[in-house]
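Counting starts at 1 for both ligands and their atoms, following the listed order.
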Amino acid sequence: MSRVTVSRLRRMKQAGEKIVSLTAYDASFAWLIEDAGVEVILVGDSLGMVFQGWDSTIPVTLDDMVYHTRAVSRGTRESLLIADMPFASYGSTEQALASAARLMQEGGAQMVKLEVTGEMTEIVRFLAQRGVPVCAHLGLLPQTVHKLGGYKVQGRGEAGEALIRDALAMEAAGADLIVAELIPVEVAKRLSESVSIPVIGIGAGVDCDGQVLVLYDMLGITPGKRPRFSKDFLQEAGSVSAALRVYVESVKERRFPGPEHRIA
Ligand code: KIV
């Protein structure tokens, strides 16, 4: 099988086939995740919390992201590999391009993900015009946690309309993919229907074009309380490989997320 491409993801959206994504931080898990049939592997800066033990993603550096992306890339051949641009690594167009270049050239990523608002279309356009595939992360932006005052649902009421405008602006700027985090189910549905690029949801209901989860949450090994929108697949499946396969099947067959995972 050849590598999953952005055009294949678009075709999946058009055909109504759900896209399955998971985070990974090392080569062994990446291999298992790909073997289970996950199309998109994200080296998320969530590694700062689940791997490094920080209480937010803010301490994660570009060097950290390059290191983990290199490791994950050695465990994948077919999945599309996305690397997160960490906090303060895309403050200007030039800095964003330099950071993306490291993640792609040294890390082996095929796409980079940026936490964005509607005011950041210039950065997305600059990257896209220079051949960098971009995933625009909308909704809850964990890198802004100290401004937000916590990990709260975004996009309620009027803010939902703004989110849809932001998604359209990101598509027009050249983004290839959207991640929508912790937004009301109805907003996520409208957002997914409004753009022609695929929308991968987390804590955003079943109507997105695909789903992503933090690997350690879905294996039940994140210390403390698991987010309500996630599920411990290892508990019912009994082994890591089986848990990954059940997750893939559950997303493909629209059984995950279920009504019990709805948060807004
Ligand atoms: O860092 C991460 O793992 C993410 C996902 C939660 C989408 O951004």
Please identify which atoms of ligand 1 are closer than 4.0 Å to at least one heavy atom of [X].
{"X": "Gly44", "result": "1 (O), 2 (C), 3 (O)"}
{"X": "His137", "result": "8 (O)"}
{"X": "Thr23", "result": "3 (O)"}
{"X": "Ile202", "result": "6 (C)"}
{"X": "Asp84", "result": "1 (O), 2 (C), 8 (O)"}

Report task. Return yes if some donor-acceptor pair links the side-chain N/O of Thr23 with the main-chain N/O of Val214 below 3.5 Å, else return no. Result -> no
Query raised in the report: Would a distance-only check, ignoring hydrogens and angles, find a side-chain to backbone donor-acceptor pair under 3.5 Å from Tyr25 to Gly44?
Result: no
Requested in this report: Taking salt bridge (Lys or Arg N to Asp or Glu O under 4.0 Å) as the test, write out the residues that go with Lys18, two or more places apart.
Outcome: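 Checked Lys18 against salt bridge (Lys or Arg N to Asp or Glu O under 4.0 Å); zero matches.
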**Report entry** Nearest neighbour in protein (non-hydrogen) for atom 8 (O) of ligand 1
**Finding:**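 Here the closest protein heavy atom is Lys113 NZ, 2.7 Å.
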**Report entry** Nearest protein heavy atom with distance in Å, relative to atom 2 (C) of ligand 1
**Finding:**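 Scanning the protein heavy atoms, the shortest distance from atom 2 (C) of ligand 1 goes to Ser46 OG, 3.3 Å.
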Report task. Could you tell me whether Tyr216 and Phe51 have their ring centroids closer than 6.0 angstrom? Result -> no
Report task. Assess Arg70 against Tyr67: is NZ or CZ under 6.0 Å from the centre of the six-membered ring, and within 45 degrees of the ring's axis? Result ->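 Not satisfied by the 6.0 Å and 45° rule.
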Report task. Using the side-chain contact (heavy atoms from CB on, under 4.5 Å) rule, take Val38 and Val248 through it: C-alpha gap first, then chi angles, then the decisive distance, then the call. Result -> CA-CA 7 Å; Val38 169; Val248 172; 3.7 Å; yes
Using a 4.0 Å heavy-atom threshold (strictly under), name the region of [X] that reaches ligand 1: side chain, backbone, both or neither.
{"X": "Thr57", "answer": "neither"}
{"X": "Asp45", "answer": "both"}
{"X": "Leu42", "answer": "side chain"}

Requested in this report: Please identify each residue that fulfils side-chain contact (heavy atoms from CB on, under 4.5 Å) with Gln143, with sequence neighbours left out.
Outcome: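 side-chain contact (heavy atoms from CB on, under 4.5 Å) check on Gln143 returns Asp45, Thr57, Phe87, Tyr90, Glu115.
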